[in-house]
Amino acid sequence: MSGHRRRPSQQPHDGVEPEERRWRRWIDYPRRGRTGPRRWLPSVRQLLALFLFFFGCTTAAVGYAYATVTIPDPNPRTLLQNNVYYWSDGTVLATDGSVNRQNVPVSQVPADVRWDFIAAENASFYTDPGIDPQGILRAVFHMAGGGSVQSGSTITQQFVKNTYLDQSQTVSRKFRELLISTKIGAGMSKQQILQGYLNSCFFGRQANGIQAAARAYYGVPVQKLTPSQGAFLAAAVNEPSLFQHADSDPRARAKAKARWSWVLDRMVKIGKLTPGQRARYAAAGFPTPKKWTLGSGLPGQTGYLVQLARSYAQAHDRSITDGSLSRGGYQIHTTFDRKRTAKLAKAVAKVRAERLDPAHRSVDRDVQVGASSVDPRTGRILAVYGGSGFDHAHYSDNADTTGVPVGSTFKPIVLAAALQHRAVLKPGEPPAPITPASKFNGDDGIKIKDQQGNYVTDDKDPTGLLHQRNDTRRRWGYITLRKAMEQSVNTPYVQLGEDVGHQNVVSTAQALGLRPDSLAAPSAGFYIGTSTPSAIRMAGAYSTFAASGMRATPYSVTKVTHNGSALPGFTAPAPVRALPAAIADNVTDVLRGVIAKGTGTRAQALGRTAAGKTGTTDDFHSAWFVGYTRQLATSVVLFREDPAHPQLQSLVGVGGLQKVFGGDIPTEIWTRYMSDALAGLPDAPFPAPVSLGHGANEPGAPTRSPSVTHHKKDDTTDRSDGTGKTGRPGKRTDTPPDASEAPTTSPKCRHHKCR
């Protein structure tokens, strides 16, 4: 034993193992003492060490990435919504905006519908940390085995992908999705995540978010979705491009039905539906979506209604700008009556088809119609007709434009001003009382005096003086203001206007709701209609007569919300006293005579108690009828204008008529619409007008009606006490409707403004 000697290589050097030997012992690769393939196979210890090394590195890298990654700002497009406009009955009128989305709080989504999505996409949503590796693997194996499509991502991941990232299928994007999802899961509540997810999903049919999807597929707000409908929408998230055609494509319908059924089964599996409830939904059948076609913008009257509502909203809340509207999120509730709007468009279309022939009469091609209907009690704009529609490249709203003179429909305003402010009949004397029975000279070509007794001048007349004209040269003599209104004789109202004074007439017009910028400058023609209020404002002014002098300013929006929060400033305008009731009711009584035996007799076809006034302007550039019952006031205007060259043209020859008066086509449209719009409502009488006392006559007027009158006594008699009672209606003469309306000066162009 003592003679045995160690090999030199086995002897330690001062008790310390060489560094090279220690390194080789730990690495030992290729492995010593092994031959063949075993020399190259790592040992268990080496594999474990390698695993621990890479695990540590990966953990460190992930930890570093998690610590340094930040939640990015939401994609700008995901912040975009559209604006939704509603009819007065709460149904959707229209939407506008680049993205069809309306974000809603998760509390507005029915609980069962929320669970439809959770059951289909992420049953462990309320317990997982935002990611579910097992779910990802399970979805991969399930789809590889030919099963139905399943999402491998949690609801949190899908929310992150939709809101913060793009849709690219790359490893780096998926890695960021997992990291951000983990942070989102730790920093946001589950309700916030679910809300963001439901508002950001794309469902097909151009619908982003569950609110838009509910309307696109079932025509209801999200609050009214059933669990069965919710199951279909949860299914549509997976294959929106296919399932959007489930209403018409048999293949899409079959796949959608199978997926819908699977979602309901999942609801039973997670305990959110009982088997009995599931059976009832199965018995009710697949909730087939409504028919879908690609949208066509804002067809028909929709564009004009949206334009009116937008303008009103912007005028009443300065925070609502074009920029904010472009970002969307507004819900605008309007006063527009869906049925009456359709009836107004139908009346216009029917009369146009019967009376106009643009294919054979070139003069009929550029004929324009504008109309507006207002509730006299509240001022709610119930219907408008603005033209053929945005879809026909007609963008200016004929119901809400200035520039078309109103003609003799302005005379009731002059009468109201006279009844209220009196008239200076003799220079230097105080204003004298005026009643509808007051007599003024109705002859053609008379000279007009101002309040100082001076003749009104006219540079175009050879004499240098104004000789006011009627449409015919009929010698009326001194007639009552009632008779002059019924037959639309101009000369009495021009002289009356001068006697009342321009400022008093302007004051009354503004009190009735006409805008100052629509009122013409002082002139003799001002009193017979050179002003250019819109059809909406004229309907509003006549509404004041219908409401016995209470003015309810026309308005179009009842409520505006933005991202679910109501905005202030949209309380309905409160009615205000614009005229004494006695004056308004006397004007109404006079305007009843226009329909009973004057230029508006076509409106008798309505068969109801009604009042109104016709209007025709210089060179027949426009024709109007504005009329009302107690329940509804409507104005209709007819004019010609080439949209490519905005300038009023003569209506002569339109409809084959030598002259077009307000008592013709406009009155016919008015009557047809009002018959439909008032169907089912009782005939409401107007208040009986009270006596205004004895009214003064124009100097020179006889105290008794002259014997040279061309009408029977029953046709012309007005009680001098101003009660407004008249004799029975007389026979119509051969004078065409509105034939006595005098030419008025009309502007050469129109300026469109939203009212």
K.L.:
Give the intermediate values and the outcome of side-chain contact (heavy atoms from CB on, under 4.5 Å) for residues Gln314 and Asp322.
P.N.:
CA-CA 8 Å; Gln314 289 182 285; Asp322 288 341; 3.1 Å; yes
K.L.:
Which heavy atom in Gly300 sits nearest to a heavy atom in Asp391, and how many Å separate them?
P.N.:
N-OD1, 3.2 Å
K.L.:
Counting distance only, does the side-chain N/O of Asp683 pair as donor-acceptor with the main-chain N or O of Arg608 below 3.5 Å?
P.N.:
no
K.L.:
Answer yes if the ring centres of Tyr628 and Phe686 are under 6.0 angstrom apart, and no otherwise.
P.N.:
yes
K.L.:
Please say which of Lys559, Gln331, Arg338 ends up in a side chain to side chain contact (heavy atoms under 4.5 Å, CB included) with Tyr86.
P.N.:
Gln331
K.L.:
Going by heavy atoms in the side chains, are Asn83 and Leu325 under 4.5 Å from each other?
P.N.:
yes
K.L.:
Does the pair Arg377/Asp375 count as a salt bridge with the N-to-O cut at 4.0 Å?
P.N.:
yes
K.L.:
Could you walk me through whether Tyr527 and Leu496 satisfy the side-chain contact (heavy atoms from CB on, under 4.5 Å) test, starting with their C-alpha distance in whole Å, then the side-chain angles of each, then the deciding distance to 0.1 Å, before giving a yes or no?
P.N.:
CA-CA 8 Å; Tyr527 305 110; Leu496 177 65; over 6 Å; no
K.L.:
Any donor-acceptor pair under 3.5 Å linking the side-chain atoms of Lys411 with those of Ser408?
P.N.:
yes
K.L.:
Looking only at heavy atoms, what is the nearest atom pair of Leu425 and Ala432, with distance?
P.N.:
CD1-CB, 3.9 Å
K.L.:
Quick check for you: to the nearest 0.5 Å, what is the distance between Phe625 atom CZ and Leu638 atom CG?
P.N.:
14.0 Å
K.L.:
Determine whether the aromatic ring centres of residues Phe526 and Phe410 are separated by less than 6.0 angstrom.
P.N.:
yes
K.L.:
Atom CG of Leu481 and atom CZ of Phe440: how far apart are they, to the nearest 0.5 Å?
P.N.:
5.5 Å
K.L.:
Is the backbone N or O of Leu514 less than 3.5 Å from a side-chain atom of Arg537, with the two atoms forming a donor-acceptor pair by type?
P.N.:
no
K.L.:
Roughly how far apart are Ile381 CD1 and Tyr555 OH, rounded to 0.5 Å?
P.N.:
9.5 Å
K.L.:
Does Arg672 pair with Glu668 as a salt bridge, N-O distance under 4.0 Å?
P.N.:
yes
K.L.:
Quick one: list whatever passes side-chain hydrogen bond (donor to acceptor under 3.5 Å, both in side chains) with Arg577, sequence neighbours left out.
P.N.:
none
K.L.:
With no hydrogens and no angle check, is any side-chain donor or acceptor of Arg630 less than 3.5 Å from a backbone partner on Ala547?
P.N.:
no
K.L.:
Is it the case that the side chain of Thr558 and the backbone of Ser88 share a donor-acceptor pair, with hydrogens and angles ignored and the cut-off at 3.5 Å?
P.N.:
no
K.L.:
For Ser534 and Asp400, indicate whether the former's side chain and the latter's backbone hold a donor-acceptor pair under 3.5 Å.
P.N.:
no
K.L.:
So do the side chains of Leu657 and Arg355 get within less than 4.5 Å of each other, counting heavy atoms only?
P.N.:
yes
K.L.:
Indicate the atoms forming the closest heavy-atom contact of Ala309 with Ile332, along with that distance.
P.N.:
CB-CG2, 4.1 Å
K.L.:
Can you measure from OG1 (Thr341) to CZ (Phe336) and round to the nearest 0.5 angstrom?
P.N.:
7.5 Å
K.L.:
Please name the pair of heavy atoms, one in Pro376 and one in Ala552, separated by the smallest distance, quoted to 0.1 Å.
P.N.:
O-CB, 4.0 Å
K.L.:
With sequence neighbours left out, what residues match Gln495 under side-chain hydrogen bond (donor to acceptor under 3.5 Å, both in side chains)?
P.N.:
Asp499
K.L.:
Which heavy atom in Gly540 sits nearest to a heavy atom in Pro554, and how many Å separate them?
P.N.:
CA-CG, 3.8 Å
K.L.:
Is a side-chain donor or acceptor of Thr302 paired with a backbone partner of Pro299 at a separation under 3.5 angstrom?
P.N.:
yes
K.L.:
Got Thr378 and Thr335 here, is their nearest side-chain heavy-atom distance under 4.5 Å?
P.N.:
no
K.L.:
Taking atom CZ of Arg352 as the centre, report whether more than 12 heavy atoms of other residues, nucleotides or ligands fall under 6.0 Å from it.
P.N.:
yes
K.L.:
Could you check whether any side-chain heavy atom of Lys613 comes within less than 4.5 Å of a side-chain heavy atom of Ser488, counting everything from C-beta outward?
P.N.:
yes
K.L.:
Taking side chain to side chain contact (heavy atoms under 4.5 Å, CB included) as the test, write out the residues that go with Gln510, two or more places apart.
P.N.:
Val506, Pro516, Leu519
K.L.:
Without swapping roles, check the side chain of Asn586 against the backbone of Ala582 for a donor-acceptor pair under 3.5 Å.
P.N.:
yes
K.L.:
Any side-chain heavy atom of Ser622 within less than 4.5 Å of one from Leu648?
P.N.:
no
K.L.:
Keeping the roles fixed (side chain from Gln604, backbone from Ala596), state whether a donor-acceptor pair exists under 3.5 Å.
P.N.:
yes
K.L.:
Report the C-alpha distance between Leu308 and Ile536 in whole Å, list the side-chain angles of each, state the deciding distance to 0.1 Å, and finish with yes or no for side-chain contact (heavy atoms from CB on, under 4.5 Å).
P.N.:
CA-CA 11 Å; Leu308 275 173; Ile536 292 173; 3.8 Å; yes
K.L.:
Rounded at 0.5 Å granularity, tell me how far OG1 in Thr599 sits from CD in Gln487.
P.N.:
7.0 Å
K.L.:
In plain terms, say whether Lys343 and Asp337 are close enough for a salt bridge, that is, a side-chain N and a carboxylate O under 4.0 Å apart.
P.N.:
no
K.L.:
To the nearest 0.5 Å, tell me how far Lys597 NZ sits from Arg592 CZ.
P.N.:
11.5 Å
K.L.:
Over all heavy atoms of both residues, which pair between Ser543 and Ala633 is shortest? Give the atoms and the distance, please.
P.N.:
OG-CB, 3.2 Å
K.L.:
State, yes or no, whether a side-chain contact exists between Phe639 and Gln368 at a heavy-atom distance under 4.5 Å.
P.N.:
yes
K.L.:
Does any part of the side chain of Arg310, heavy atoms only, come nearer than 4.5 Å to the side chain of Asp96, both counted from C-beta?
P.N.:
yes
K.L.:
Quick check, are the ring centers of Tyr330 and Tyr85 under 6.0 angstrom apart?
P.N.:
no
K.L.:
Treating Thr480 as the side-chain partner and Ala437 as the backbone partner, does any N or O pair qualify as donor plus acceptor under 3.5 Å?
P.N.:
no
K.L.:
Step by step, would you call Val690 with Asp585 a side-chain contact (heavy atoms from CB on, under 4.5 Å)?
P.N.:
CA-CA 8 Å; Val690 301; Asp585 292 341; over 6 Å; no
K.L.:
Between Tyr673 and Thr634, is the side-chain hydrogen bond (donor to acceptor under 3.5 Å, both in side chains) condition met? List the steps.
P.N.:
CA-CA 9 Å; Tyr673 162 69; Thr634 301; 4.7 Å; no
K.L.:
How about Gln307 and Leu298: do any of their side-chain heavy atoms sit closer than 4.5 Å?
P.N.:
no
K.L.:
Is there a donor-acceptor contact under 3.5 Å from the side chain of Glu641 to the main chain of Asp366?
P.N.:
no
K.L.:
Parallel, tilted or perpendicular: which one describes the rings of Tyr312 and His316, with boundaries at 30° and 60°?
P.N.:
parallel
